[in-house]
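Notes to accompany the following structure.
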Amino acid sequence: MVEQRRKDILQRLSREEYTKVSDLAAIYGVSQVTMRKDIAELVEQGLIIRYHGKVSLATAVPIPFSQRQDANFIKKQQIAKRAAELISTGDSIMLDSGTTTMMIAEQIADGDPINVITNSLSVANCLDKSNHMVTFLGGMLLSKSKCTVGPVTEGEISALECDKVFIGCTGVRDSVGLTTGMVLEAMVKKAMISAGKEVIAVFDDSKFGHAGVNLFAEFKQLHTIITTRSPQHAALFDELRKMGIKIIFADEN
């Protein structure tokens, strides 16, 4: 019975982004103590992640930052250049821990002073000799992703507000929104989106059709998308424009 229940929990999590531990206890008619034992065993096996009383599948292994940086380098560089054009002197911005946002940091490193808030070690290092005021968010360090995550990071973000948030993703769920493979990174991205007056998504066309398990932003939360052309997704772009989202193709003059 115990093994079957644990298999059922995994199957349920394959269909749902997050599930509360208390809800699982109610669904399976067991005490929360019993459910916590089930969860602890699944966490120990590396099958799920527990976070703030919720659980999700631990399906995604973070790809090292250096490997992600090499992928689609030219397209990311084009996107970064267009993104930098949207930043004005005196702006306060947030840059997440993606490789494209790192390239945005490179584009603005020699620019006029702005306030930059980030959870990315790479971004902070890139801007350490710039004229910008850089705030590096504390938290738990994910060494492969070179970023901070967790309750401390989210708590610091919740006390902040900025003009523009530049956010990347590892996948796009068609007609729904943006996804990432790591639940801890997804929670930070959600917090950043809530802190921004304007949310600008930056990702190349390879992200279409490769949705991750963790949805962190619905399209309706975005103001602008900077990407590269993807003719097969023309209908989606039309739908997004009707929602009032500005679409910028970085590989178009």
Side-chain angles (χ1 to χ4, degrees), residues 1-68 71 96-99 119 139-155 157-158 167-194 201 203 206-221 236:
M1 178 183 290
V2 174
E3 288 303 315
Q4 184 58 51
R5 182 171 64 242
R6 291 173 182 174
K7 288 180 181 178
D8 288 346
I9 290 170
L10 293 175
Q11 289 180 350
R12 179 174 292 275
L13 290 175
S14 70
R15 301 189 300 269
E16 301 176 4
E17 185 178 355
Y18 308 107
T19 300
K20 292 181 179 179
V21 175
S22 57
D23 288 346
L24 288 173
I27 289 168
Y28 293 103
V30 298
S31 69
Q32 291 203 33
V33 172
T34 297
M35 183 51 61
R36 282 196 290 269
K37 288 180 180 178
D38 286 350
I39 296 303
E41 178 61 28
L42 293 172
V43 169
E44 188 171 338
Q45 293 177 30
L47 298 173
I48 65 173
I49 295 172
R50 181 171 181 171
Y51 185 70
H52 281 338
K54 299 177 182 179
V55 291
S56 68
L57 284 181
T59 54
V61 176
I63 300 171
F65 187 88
S66 58
Q67 290 182 23
R68 290 188 286 125
D96 78 348
S97 58
T99 53
N119 69 322
M140 180 176 68
L141 178 65
L142 292 181
S143 57
K144 287 187 177 180
S145 298
K146 294 187 178 181
C147 67
T148 51
V149 295
V152 172
T153 315
E154 295 165 38
I157 295 170
S158 69
I167 206 109
C169 66
T170 59
V172 176
R173 194 174 296 173
D174 285 355
S175 302
V176 181
L178 310 182
T179 68
T180 188
M182 291 289 291
V183 64
L184 294 174
E185 292 185 21
M187 298 302 288
V188 171
K189 290 175 185 287
K190 285 183 177 182
M192 286 185 167
I193 288 169
S194 296
F203 56 88
S206 69
K207 305 302 188 295
F208 291 103
H210 292 85
V213 67
N214 299 296
L215 179 72
F216 66 84
E218 295 183 23
F219 283 126
K220 65 183 179 182
Q221 295 175 275
L236 175 59

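Atoms CE and CE, from Met187 and Met192 in turn, are 13.5 Å apart once rounded to the nearest 0.5 Å. Interatomic distance, CD1 of Ile27 versus CG of Asp8, reported as 10.5 Å (0.5 Å rounding). Taking CD of Gln32 as the start and CG of Asp23 as the end, the distance is 9.0 Å to the nearest 0.5 Å. Atom-to-atom distance recorded for Leu141:CG and Cys147:SG is 7.5 Å, nearest 0.5 angstrom.
The nearest pair of heavy atoms linking Arg173 to Asn214 is NH2-N, 4.4 Å.
Side chains of Glu185 and Ser145: a donor-acceptor N/O pair is present below 3.5 angstrom, by distance only.
Both tests pass for Lys189 against the ring of Phe216: distance under 6.0 Å to the centre and angle within 45° of the axis.
Side-chain atoms of Gln4 do not come within 3.5 Å of backbone N or O of Met1 as any donor-acceptor pair. The backbone N or O of Thr148 sits less than 3.5 Å from a side-chain atom of Asn119, completing a donor-acceptor pair.
When side chains are defined from C-beta on, Ile9 counts as touching Met35, because their heavy atoms get closer than 4.5 Å. Side-chain contact check for Phe203 versus Ile167: every heavy-atom pair is 4.5 Å or farther apart. Annotation: side chain of Leu215 is not in contact with side chain of Leu178 (no heavy-atom distance under 4.5 Å). Two residues are said to be in side-chain contact when any heavy atoms from C-beta on lie closer than 4.5 Å; Asp96 and Val188 fail this criterion. Side-chain contact between Val172 and Thr179 is absent, with no heavy atoms from C-beta onward closer than 4.5 Å.
For Thr34, the side-chain contact (heavy atoms from CB on, under 4.5 Å) test picks out Arg5, Val30, Ser31, with sequence neighbours left out. Tyr28 pairs by the ring pair (Phe, Tyr, Trp, His ring centres under 6.0 Å) definition with nothing, not counting sequence neighbours. With sequence neighbours excluded, no residue forms a side-chain contact (heavy atoms from CB on, under 4.5 Å) with Ser158.
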>> Using the rule given for side-chain contact (heavy atoms from CB on, under 4.5 Å), can you reason through Glu41 versus Val2, listing the C-alpha separation, both sets of side-chain angles and the distance that settles it, and then say yes or no?
In response: CA-CA 11 Å; Glu41 178 61 28; Val2 174; over 6 Å; no
